[in-house]
Amino acid sequence: MAKPYDHKEIEGKWQKFWEEKGVYKTENPPIGEGKPKYYVLDMFPYPSGAGLHVGHPRGYIGSDVLSRMRRMQGFNVLHPMGFDAFGLPAEQYAIQTGEHPSVITEKAIDTYKKQLEIIGLSYDWSREVRTIDPGYYKWTQWIFLKLFDSYFDEVDKKAKSISELVAKFEKEDPAWSAKSEKEKEDLLMNYRLAYEGYSEVNWCPELGTVLANDEIVDGGDGKPVSERGGFPVEKKNMRQWFLRITSYADRLLSGLESIDWPEHIKEIQRNWIGRSEGAEIEFGLKDGDEKIKVFTTRPDTLFGVTFVAVPGEKERFTGKYAINPANGEQVPIWEAPYVMEGYGTGAVMGVPAHDERDFEFAKRNGLYIKNVILPNYYISKRNESKNDLEKEGFDLLINKIINGDSPYAYEGILSNSDQFSGLNSEEAKQKITEFVGGKMVTKYKMRDAIFARQRYWGEPIPLKRVGDVIKPLSENELPLELPNVSSYKPAGNGESPLAGVSEWVEKGFETNTMPGWAGSSWYFLRYMDPKNSEAFAGKDTVKYWQDVDVYVGGAEHATGHLLYSRFWHKFLHDLGYVPTEEPFKLLKNQGLILASDGRKMSKRWGNVVNPDEMVDRFGADSFRLYEMFIGPFDQYTSWNTDGLVGTRRFLERVWRAKERIGEPNQEVDILVNKTIKKITEDIENFRFNTSVSSMMILVNKMEEAPSFSKENYLSFLQILAPFAPHMTEELWHKLGETSSIHKSNWPKADDSKLKDEKIKIAVQVNGKVRDEIEISPDASEEDVKELALSKNNISEIIKDQSVKNFIYVKGKIVNIVI
RNA sequence: GCCGGAAUGGCGGAAUUGGUAGACGCGCACGACUCAAAAUCGUGUAUCGCAAGAUGUGAGAGUUCGAUUCUCUCUUCCGGCACCA
């Protein structure tokens with residue numbers, strides 16, 4: 001009797017073997033150069049004290065399966081892991097306990113690493129990166145300095161060195177050389193891609209920090225609170241550092257066309273960038289020379305303006321009037337809360353007849369509503385309608401006209417403006433804007449990114465105040481290391497704890513630190529060459545690895561990390577440091593695994609399932625297999641520990657099947673080849689769940705057969721190896737192989753064995769299945785017809801009725817219509 | 001409100017240029033082995049029906065010889081954005 005499958009005996013042994021032999025070590029050129037490169041990346045985790053639950057590794061296992069297959073297929077695979085380690089949770093914990101955040105963070109990293117290691121993921125740990133290492137954040141600071149030292153050239157639509165701008169000023173602006181250094185610096189600050197400014201921010205007094213919009217949630221009573229802790233959030237005007245991401249808005253938008261990402265993620269980014277095209281038009285005031293500039297996407301409705309709205313706390317008439325430049329009409333200027341300070345020009349022209357919000361506002365405040373696009377004819381006809389049906393008909397038509405879908409637009413009244421009659425909507429927008437001396441512009445919802453936190457646990461910003469100007473540190477002063485402080489608690493007045501370090505302040509260093517997303521915006525480049533002290537990564541190395549072929553992670557980073565990384569990458573590309581315009585060619589999101597109660601796994605609900613316990617009980621291979629089998633990779637699903645029993649049983653059957661190696665069996669041989677083909681395609685397309693099921697079918701077949709060839713069994717082990725790396729390695733060696741199965745060549749399906757000699761197809765009568773016939777896939781329609789009609793079940797149904805139609809879809813189905 | 005995505009047995013899910021719905025696994029039932037239990041193995045398992053058969057992929061319509069798959073209308077659930085002019 002063969003030894004039973006004991007995962008505890010096997011898994012540790014092979015993990016040690018792989019490490020000692022460096023099986024997953026990835027070589028840079030020139031050693032790695034002969035093979036095509038393939039970069040599979042997981043979103044690196046922020047290690048929290050709680051450790052991993054069974055939902056987390058799903059993505060890691062999927063990317064690991066792909067990496068392992070690609071390696072066996074002969075690619076030079078880069079598959080690294082690291083840790084995103086600056087951030088609020090560790091700092092909050094440090095404030096409570098007084099322990100240094102780095103101690104807390106390192107403990108959490110150790111826990112994560114151990115948890116990841118026992119799953120048997122094929123990372124090259126020699127390339128591990130941690131954002132908190134000074135050797136790492138030296139380069140985060142270096143990129144910041146490059147941003148500080150660059151501006152965006154609006155003509156070439158790319159970043160260039162600020163020295164080029166200075167040269168331009170020197171040449172073109174005679175006043176430049178007369179300016180003081182401070183004046184020059186203040187002017188340049190308007191162009192730098194990293195710049196100092198003031199901004200109304202979301203200030204959380206309790207946390208003592210500024211929060212991004214996505215770090216704020218509704219407290220329930222309509223008032224905003226922090227996502228972490230649920231503390232009140234208020235608006236405050238504060239000094240900040242910004243990154244000019246808005247310069248890249250257009251490229252961030254158009255770049256989406258060139259990458260293979262889930263459509264919903266692209267849509268979220270498009271939405272976030274929020275491009276809209278319109279016109280800026282100036283309204284004069286009735287009294288005085290002042291002007292109000294409005295932004296509108298519908299300049300064609302300019303003749304219908306009946307008020308102008310500016311931002312305000314409540315709806316209120318200002319007592320002033322503006323002049324409509326199109327027709328000279330006086331319109332009242334109102335304050336309205338729906339007008340937003342930060343968007344467009346901060347003022348809106350009110351056209352109640354053609355804008356829903358303007359309409360509501362006008363109705364509430366008794367303002368005039370003037371229709372300029374819709375011919376009066378249709379309105380009066382609608383009001384004369386005899387019944388609801390007719391009324392609806394007119395409403396439909398009127399809506400069409402308003403939306404510009406109808407050729408009738410502009411044919412009717414346009415006050416004082418017969419010249420614009422008959423134009424379509426696009427022409428009218430152009431012509432009317434031109435007529436009043438406005439200009440067509442493109443606006444974005446997206447704001448520049450605030451790049452400063454009044455916190456301790458982040459990368460120091462490498463700038464210092466010298467006299468009254470801000471100077472960048474030089475490259476050889478990097479890294480600017482984070483000093484020790486006596487208290488991690490923010491002062492509460494908006495100053496960072498660094499403002500309390502006298503040495504720091506005396507040297508004039510910036511006291512703000514970088515936000516959590518700084519280190520994660522470029523980490524994938526560091527993996528290429530993690531030990532390099534001369535550059536963020538060697539030039540040749542970056543040229544070799546290019547970009548990430550497959551990026552796997554959660555969908556929750558759609559507007560944060562995934563947007564910032566693209567921005568930084570485009571910037572580095574402009575400066576010639578990276579060869580590609582986009583960092584991540586293909587993105588795959590893994591779906592959440594919910595607890596069996598249908599809720600998210602959380603301490604709060606007490607429904608967390610720990611992967612360590614699952615690995616201990618069932619083994620890493622069973623665990624991996626189950627996580628892949630549980631459902632479509634990108635879909636939400638719920639955990640069920642009972643289901644893990646199934647994949648464990650499957651592995652035990654694979655184990656026992658070894659005893660049945662012997663005489664070849666043709667059916668097994670054919671199925672092995674079909675399965676090789678299917679698994680190869682499934683893994684490429686992230687269809688891991690059907691891969692597992694097809695291997696189960698194969699084992700079922702192997703058990704049915706009296707025996708099968710060793711060759712078939714070995715091929716099967718190879719395609720199972722990415723999913724169950726430990727057990728397949730054990731069996732591989734038991735069968736006499738001496739080097740790792742993970743270094744073996746991925747099997748190829750033999751085309752000649754993929755085709756069945758006989759197939760069963762259904763015979764339908766009038767669309768209902770009545771019988772089944774066995775035929776050769778190449779059988780002619782005549783033969784199939786004869787066979788089908790000769791079946792008793794069929795002839796009984798047909799009896800003496802005539803066959804109206806006979807349909808045979810080759811190799812698929814027969815349908816007889818009577 | 002707008003924009004995405006989804007809906008199939010008791011459960012996770014399978015099935016795509018439209019072609020036998022429910023693969024595979026879990027669970028459950030019965031049987032074998034066992035003094036017994038666990039493990040393992042075998043058989044069965046959409047619904048109604050003794051059966052023949054009928055019905056069935058969120059609801060309703062349509063196209064088709066044939067629809068889980070395509071079109072239209074609607075319902076529910078999940079996610080994103082939300083006075084963006």
Side-chain angles (χ1 to χ4, degrees), chain A residues 4 213-214 262-276 278-280 294-299 301 308-309 311 336-351 354-358 360-361 443-447 555-556 558-559 589 591-594 596 598 625-626 629-632 634-650 652-653 656 687 689-700 703 760-773 803-818:
Chain A
N213 282 332
D214 50 316
E263 199 46 47
H264 73 277
I265 300 279
K266 289 190 183 183
E267 204 49 43
I268 290 170
Q269 292 211 348
R270 283 190 198 109
N271 231 302
W272 183 263
I273 295 165
R275 180 188 160 105
S276 64
E280 281 183 356
V294 302
F295 172 69
T296 176
T297 53
R298 295 292 308 275
T301 64
V308 165
Y338 80 80
V339 181
M340 294 176 44
E341 194 85 54
Y343 186 72
T345 60
V348 173
M349 63 182 214
V351 189
H354 306 296
D355 181 280
E356 212 173 311
R357 274 160 321 162
D358 294 349
E360 295 297 323
F361 185 82
K443 297 275 180 195
Y444 301 92
K445 266 200 291 196
M446 185 171 64
R447 305 273 70 112
E556 66 274 18
T559 53
N589 293 127
L592 283 182
I593 297 181
L594 306 172
S596 49
L625 223 27
Y626 177 62
F629 185 55
I630 192 167
D634 57 359
Q635 203 169 291
Y636 276 44
T637 184
S638 45
W639 181 264
N640 175 16
T641 303
D642 280 345
L644 231 165
V645 172
T647 52
R648 167 73 195 202
R649 279 182 197 151
F650 164 70
E652 282 171 4
R653 293 161 76 190
R656 288 196 301 266
R687 288 194 300 251
N689 55 330
T690 50
S691 304
V692 177
S693 109
S694 66
M695 287 189 286
M696 287 172 167
I697 293 168
L698 177 56
V699 171
N700 290 346
E703 283 183 344
K760 281 180 183 169
I761 65 165
V763 180
Q764 297 181 334
V765 177
N766 286 342
K768 287 197 171 141
V769 179
R770 296 299 182 181
D771 211 329
E772 202 174 65
I773 51 172
V803 174
K804 293 204 188 88
N805 198 357
F806 182 90
I807 294 154
Y808 171 56
V809 181
K810 201 172 175 194
K812 294 244 168 90
I813 203 159
V814 168
N815 192 10
I816 301 165
V817 186
I818 54 173

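Below, chain A is the first sequence line, B the second, and so on; all start at residue 1.
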Euclidean distance, atom [atom1] of residue [X] to atom [atom2] of [N] [Å, nearest integer]:
X      : N     : atom1 : atom2 : value
A/F629 : B/G25 : CZ    : P     : 7 Å
A/Q635 : B/A6  : CD    : C1'   : 8 Å
A/K810 : B/G66 : NZ    : P     : 25 Å
A/D634 : B/G4  : CG    : C1'   : 14 Å
A/I630 : B/A14 : CD1   : P     : 12 Å
A/D355 : B/C2  : CG    : C1'   : 14 Å
A/F650 : B/G25 : CZ    : C1'   : 11 Å
A/E267 : B/C3  : CD    : P     : 10 Å

For nucleotides [N] and [M], find the distance between their [atom1] atoms and express it as a whole number of Å.
N     : M     : atom1 : answer
B/G58 : B/G10 : P     : 14 Å
B/U57 : B/G4  : P     : 27 Å
B/G13 : B/A6  : C1'   : 14 Å

Worksheet item: With sugar-phosphate meaning primed atoms plus P, OP1 and OP2, does A/M696 contact a base, only sugar-phosphate, or nothing at under 4.0 Å between heavy atoms?
Response: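 Result for A/M696 = sugar-phosphate.
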Discussion item. So, under a plain 3.5 Å distance rule, would you say the side chain of A/N815 forms a donor-acceptor pair with the base of B/C65?
Written reply: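 Indeed, a donor on one side and an acceptor on the other fall under 3.5 Å apart.
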Look at the side chain of [X] and decide which nucleotide, out of [options], has an atom nearest to it.
X      : options             : result
A/I807 : B/G19, B/U40, B/A85 : B/G19
A/P632 : B/G13, B/C26, B/A23 : B/G13
A/Q764 : B/C26, B/G19, B/G25 : B/G19
A/R656 : B/G19, B/U40, B/C26 : B/U40
A/H264 : B/G4, B/A23, B/C41  : B/G4

Discussion item. Could you check whether atom CD of A/E341 has more than 12 heavy atoms from other residues, nucleotides or ligands sitting under 6.0 Å from it?
Written reply: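 Not more than 12 within 6.0 Å, no.
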Worksheet entry | Cationic N near anionic O, under 4.0 Å, A/R270 to A/E267 |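 Yes, A/R270 and A/E267 are salt-bridged.
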Discussion item. Between A/I761 and A/I813, does the side chain to side chain contact (heavy atoms under 4.5 Å, CB included) criterion hold? Intermediate values first, please.
Written reply: CA-CA 6 Å; A/I761 65 165; A/I813 203 159; 5.8 Å; no
Item to complete: Give none if B/A29 has no partner; otherwise give the nucleotide forming a Watson-Crick or G-U wobble pair with it, both distances under 3.5 Å.
Response: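 Pair assignment: B/A29 / B/U43.
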Fill in: side chain to side chain contact (heavy atoms under 4.5 Å, CB included) evaluation trace for A/V348 with A/T296
CA-CA 7 Å; A/V348 173; A/T296 176; over 6 Å; no
Practice prompt. Before giving the answer on side-chain hydrogen bond (donor to acceptor under 3.5 Å, both in side chains), spell out for A/N640 and A/Y626 the whole-Å C-alpha distance, their side-chain angles and the decisive distance to 0.1 Å.
Written response: CA-CA 10 Å; A/N640 175 16; A/Y626 177 62; 5.2 Å; no
